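Report on the following structure.
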Amino acid sequence: MKILQLHSNFIEYRPVEKEIAIAEEAEPKVYRLEEVVVLFTCIEKGDTPENAYRAINEIKEFLDKVKANRILIYPYAHLSADLASPSEAIKILREMESYARELGIEVYRAPFGWCKEFSISVKGHPLAEQFKSILAEGKTAKEEIVSRALEAEEKLKSYWFILKPDGEMIPVEEFDFVGYENLKKLASYEMAKSRVVHQQPPHTLLMRKLEIADYEEASDPGNFRWYPKGELIKSLIEEYVTEKVIAYGALKVETPIMYDINHPALASYLHRFPARQYIVKSEDKDLFLRFSACFGQFLMLSDAQISYKHLPLRIYEMTHYSFRREKSGELAGLRRLRAFTMPDCHALCADMEQVKEEVIKRLKLSMEVLEGIGLTRDDYEMAIRFTKNFYESNRDFIVSLVKIFGKPALVEMWEERFFYFVLKWEFNFIDNLDKASALSTDQIDVENAERYGIYYVDEKGERKTPLILHCSPSGAIERDIYALLEKAYRVYKSGSVPMLPLWLSPTQVRIIPINEDFYSECEKITEEIARHNIRVDWDDRPLTMQRKIREAEMEWIPYIVVIGKEEVSTGLLAVRDRRLVGEQKIRKMRLEDLIDEIKKETSGKPFKPLTMPAALSKRPRFHR
RNA sequence: GCCCCGGUAGCUUAGCGGUUAUAGCAGCGGCCUUGUAAGCCGCGGGUCGCGGGUUCAAAUCCCGCCCGGGGCUCCA
């Protein structure tokens, strides 16, 4: 038995003429039903009343879930090539109908044996369209979403494993997760993808409290406003990632954010995916906003003259922004946005040998980047996905990736290739609500070079198609900030003091005068520190010193320096160190030593000056 | 898209049929001149998201819409 189940706003149908002798009686008029779950049903050889009941039970479950109670059983032969005889089919359809009534469902049925015309309006929610295949003889009922072709569904069948650095690959259900709590969370998140949490993600509170970013109601959901402190943090991370990728050898470019939806090279790529683009209408054209730098870079590369001597050819852009029009319910703070900043680095490789070398370089690059941003190896988990075929011929290579990562990784293996890549790995961050989200990722693309007409010329002067790697070494920058904030919250929950890495702290040093007599001294010290490319400010507001210290602590400022007559006379500063506790918290140190310490700790990281007035009385307040 | 929850001052929020709608923080004015996480006093600030309905009376109850959050689902 096959059922195409459509949760519909309405359906109208009209019996046109009888097709077979035993057709049921019906009037040839228009029937209309509203708010109805339409069941296009076909009865196959071997179907019994039992599996009809089973079908209805499943449907009843669905009805309860979507809070509906009206069904239309619509005999529809076109779902199977293995139909039961009409007399058998009518019998079973009637069984379904009466059983559904017994369950309290409001049941309608279109007549069997007629040629009918119909029009239907299907609801837009993800569960609205489902295909059910109810097998006879107690086999498990199979439920599939119709929006993908059945064949594609089959190709997507996943096998889950844990791959250990020593090369042992264990089916997920047999792996002992003791000591690998986050990997366990990743595995269950990826495989089950179901979780009931009714809680604001902690980072959303922090992003507002720290004046980093906030929702912008006047825009579209998932498009954020960034306050000065947030913009500073974000642009520092962008700068850092860019420096690392350039050092790896990438050519930095910039490409348009919108493209003609009818451009021939783009159409086939777009059509592989559900419509999740923003569309911009402009006079006679429809343009879509990019969801990564793929288009711009591929189009650029397809116009370039490339020799085998140039390979591997790396090309890079910090996409500001990429757009994905995620469904409104999928958005979550800085974790999932509709407009986000993402580094996108492609590499053209001559062959699979070169690909392997390059993937390893990029894996190491991504680890360096994440750890430079402020996440440790404990903070992220690896997932690797590949086709069975690719695994069988490249087993050692795959194991070497996990060895470099140094912890067991989650493996998803597909029976056949459905996407454009044969292998993809990601680093996933697990947050305080046990949600996993991908940061870094790299993919081996075997399809798009040809699609976009990207070629290189080999030693013999022949035109060849390269393989393409797609890497985002840090993932979306907003998501990195989400990870840092969630990590800080975890630290806070465990009883320690939360903070951002020193090089990302908007204010690195805050100078606080004990009273107005020391204002000019504070200003002088502020200028002196700022000269060394350290972000420093001073609190000139008419508040008590205690109050100023409290506020500086709430801003997560790493170093707080109080200036009074003692400091002026001895030249020794009283530096309150956020990372220390108790009596050690206040360190007596010379200004030069403080400067040295900060320079040492931030070395190798980009610097940007404070983008706000150094005197706090001159600053507006954006939130809190 | 669907389900659940929410929308009262810049922010957090009380009130949940009945005088002139709370309070804290922030802002502004003044006092205080401070030794390591909240000093004191005063002032200004509101189409209670929008529209309709019920009622003698609506922030409060009902309907519709808008916006936000969470969940489902999805994630190139």
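Just so you know, these numbers come straight off a predicted model, no measurement behind them. Note on naming: letters A, B, ... go to the chains in the order of the sequence lines (proteins, then strands), and numbering restarts at 1 for each one.
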(request) Considering only NZ, NE, NH1 and NH2 on the basic side and carboxylate oxygens on the acidic side, decide whether Arg314(A) and Glu358(A) come within less than 4.0 Å. (result)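 So Arg314(A) pairs with Glu358(A) through a salt bridge.
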
Watson-Crick or G-U wobble partner for [N], using a 3.5 Å limit on both distances?
{"N": "C61(B)", "answer": "G53(B)"}
{"N": "C11(B)", "answer": "G24(B)"}
{"N": "G6(B)", "answer": "C67(B)"}

(request) State whether a side-chain donor-acceptor pair under 3.5 Å links Tyr489(A) with Asp431(A). (result)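 No donor-acceptor contact under 3.5 Å links the two side chains.
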
Distance between [atom1] atoms of [N] and [M] (Å, rounded):
{"N": "U12(B)", "M": "A26(B)", "atom1": "P", "answer": "15 Å"}
{"N": "C2(B)", "M": "C11(B)", "atom1": "C1'", "answer": "32 Å"}
{"N": "U22(B)", "M": "A14(B)", "atom1": "C1'", "answer": "5 Å"}

(request) Using heavy atoms to find the nearest nucleotide of RNA chain B for Arg541(A) and Glu567(A) separately, return the residue whose nucleotide is more 5′. (result)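 Of the two residues, Arg541(A) wins.
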
(message) Heavy-atom nearest nucleotide on RNA chain B for Arg578(A) versus Ala436(A): which residue maps closer to 5'?
(response)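 Mapping each residue to its closest nucleotide by heavy atoms, the 5'-most match is Arg578(A).
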
(message) Looking only at the aromatic ring of each residue, does the gap between the centers of Phe288(A) and Phe295(A) stay below 6.0 angstrom?
(response)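 Judged by ring-centre distance (under 6.0 Å), Phe295(A) and Phe288(A) do meet the cut-off.
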
Sugar-phosphate, base or nothing in reach of [X], heavy atoms under 4.0 Å:
{"X": "Ala552(A)", "result": "nothing"}
{"X": "Glu566(A)", "result": "base"}
{"X": "Lys565(A)", "result": "base"}
{"X": "Leu543(A)", "result": "base"}
{"X": "Glu516(A)", "result": "base"}

